[in-house]
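The figures here come from the full heavy-atom set of this structure, side chains too, leaving out hydrogens, waters and symmetry mates. Counting begins at 1 with the first residue of the sequence.
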Amino acid sequence: MARFERKAIVDRLQQMKRDRIPIIGGGAGTGLSAKCEEQGGIDLIVIYNSGRYRMAGRGSLSGLMAYGNANDVVVEMAREILPVVKNTPVLAGVNGTDPFCIFDQFLAQLKDLGFAGVQNFPTVGLIDGTFRANLEETGMSYGLEVDMIAAAHDLDMLTTPYVFCEDDAVAMAKAGADIIVCHLGLTTGGSIGAETSLKLEDCPAMVDAWAEAALKVNKDAIVLVHGGPVSSPDDASFVLNRTTNCHGFYGASSMERLPTEQALTEQTRKFKAVTF
């Protein structure tokens, strides 16, 4: 298993940004997913609890529910995924609001295991309304996720946080985030994808607004788009070619769940069509 230094990763991605080569990251819920993504040439792999749940046939929002300790799950997944990834940086999704986690120790443990960096997942950024307000009021805030990203940055780990508005983008950029991932909501499509979502044509302007907010803090910030109606290569192309400051795409369900659903379903149909 290769070890990756943050500076080397950032230098490579910044060169891709200058050369106008889209940066592609992807979530992996299994070792096979990670191997296939690496064979496909992916630039970054991220693993977190929702990857395990979606590849078990459950919706990705399972990762926000009390179905397991998210930080323990990502360590369990590391044993399956890290040994089979040879040449690609792997990042860990960290639940930054976990009140029972000693983050200095945990982040150091992740780095020692071989993770190149972190992302804030599960994230309260996906929660809105009164429930979100109550979380913020009772010490389980998005601000704790910002603090976690800052702590990881201080450990010289790559940081690629999800943001959900301009204010989030500013806060994460100030925390030292290397990559700002504009999260547009639960990915649509497939058997367990969302149906309620933004319209694809509204996404480029939103991404550019969040990107501009981050770039005012850090002119070198890298910006990726993720989720919502951006669920296929054509969708990603639509956004990348209609934004000023979006440098790539990060897929999770769109990178492993949707292709798996489609390929397995079609292959099964072909086998069922075999006749004597």
Between D11 and Q14: side-chain donor-acceptor atoms closer than 3.5 Å: no
Side chain to side chain donor-acceptor pair (under 3.5 Å) evaluation trace for Q109 with D112: CA-CA 5 Å; Q109 177 191 2; D112 187 59; over 6 Å; no
Would K111 and D156 satisfy side chain to side chain contact (heavy atoms under 4.5 Å, CB included), going step by step from the backbone distance to the final call? CA-CA 9 Å; K111 188 172 184 178; D156 203 30; 4.1 Å; yes
Is there a path from L144 to V118 through hydrophobic residues (I, L, V, M, F, W, Y) whose side chains come within less than 4.5 Å of each other? no
For a quick check under 3.5 Å, do S231 and D235 share a side-chain donor-acceptor pair by atom type? yes
Where at least one partner belongs to residues 18-46, residue pairs that pass salt bridge (Lys or Arg N to Asp or Glu O under 4.0 Å), sequence neighbours excluded: R12-D43
What is the distance from atom CH2 of W210 to atom CD1 of I180, rounded to the nearest 0.5 Å? 11.5 Å
Could you walk me through whether F103 and D147 satisfy the side chain to side chain contact (heavy atoms under 4.5 Å, CB included) test, starting with their C-alpha distance in whole Å, then the side-chain angles of each, then the deciding distance to 0.1 Å, before giving a yes or no? CA-CA 10 Å; F103 282 101; D147 292 343; over 6 Å; no
Criterion salt bridge (charged side-chain N to carboxylate O under 4.0 Å, His left out) against D178, the qualifying member of R6, K17, K7: R6
Please determine if R54 and E256 form a salt bridge, counting it only when a charged side-chain N lies under 4.0 Å from a carboxylate O. yes
Considering all heavy atoms of both residues, which atom of A177 and which atom of T159 are nearest to each other, and what is their separation? CA-OG1, 3.2 Å
For I47 and V74, the nearest pair of non-hydrogen atoms, with its separation, is O-CG2, 3.3 Å
Using only heavy-atom distances, determine whether the side chains of T97 and N95 contain a donor-acceptor pair under 3.5 Å. yes
Indicate the atoms forming the closest heavy-atom contact of F106 with V75, along with that distance. CE1-CG2, 3.8 Å
For Q262, look at atom CD and say whether over 12 heavy atoms of other residues, nucleotides or ligands are found less than 6.0 Å away. yes
Between F238 and P204, is there a side-chain heavy-atom distance shorter than 4.5 Å? yes
Look up atom NZ in K174 and atom NZ in K216, then write down how far apart they are to the nearest 0.5 Å. 12.0 Å
Taking every non-hydrogen atom, the tightest pair across P83 and K86: O-NZ, 3.0 Å
Heavy-atom pair of closest approach, residues V181 and T160: CG2-O, 3.7 Å
Mind checking the CD1-CG spacing from I179 to L13? Nearest 0.5 Å is all I need. 5.0 Å
Above 12 or not: heavy atoms from other molecules or residues under 6.0 Å from CG of L264? yes
Tell me whether V217 shares a hydrophobic cluster with Y142, the cluster being built from Ile, Leu, Val, Met, Phe, Trp, Tyr side chains joined at under 4.5 Å. no
Locate the shortest heavy-atom distance separating V239 from V225; write the atom from each residue and the value. CG1-CG1, 4.1 Å
Just do the side chain to side chain donor-acceptor pair (under 3.5 Å) check on S237 and N241 with the steps written out, would you? CA-CA 6 Å; S237 178; N241 285 288; 3.1 Å; yes
Decide if atom CD of E201 counts as having more than 12 heavy atoms of other residues, nucleotides or ligands within a radius under 6.0 Å. yes
Within the side chain of N120, is there an N or O that forms a donor-acceptor pair under 3.5 Å with the backbone of T123? no
How are the rings of Y162 and Y250 set to each other: parallel, tilted or perpendicular (split at 30° and 60°)? tilted
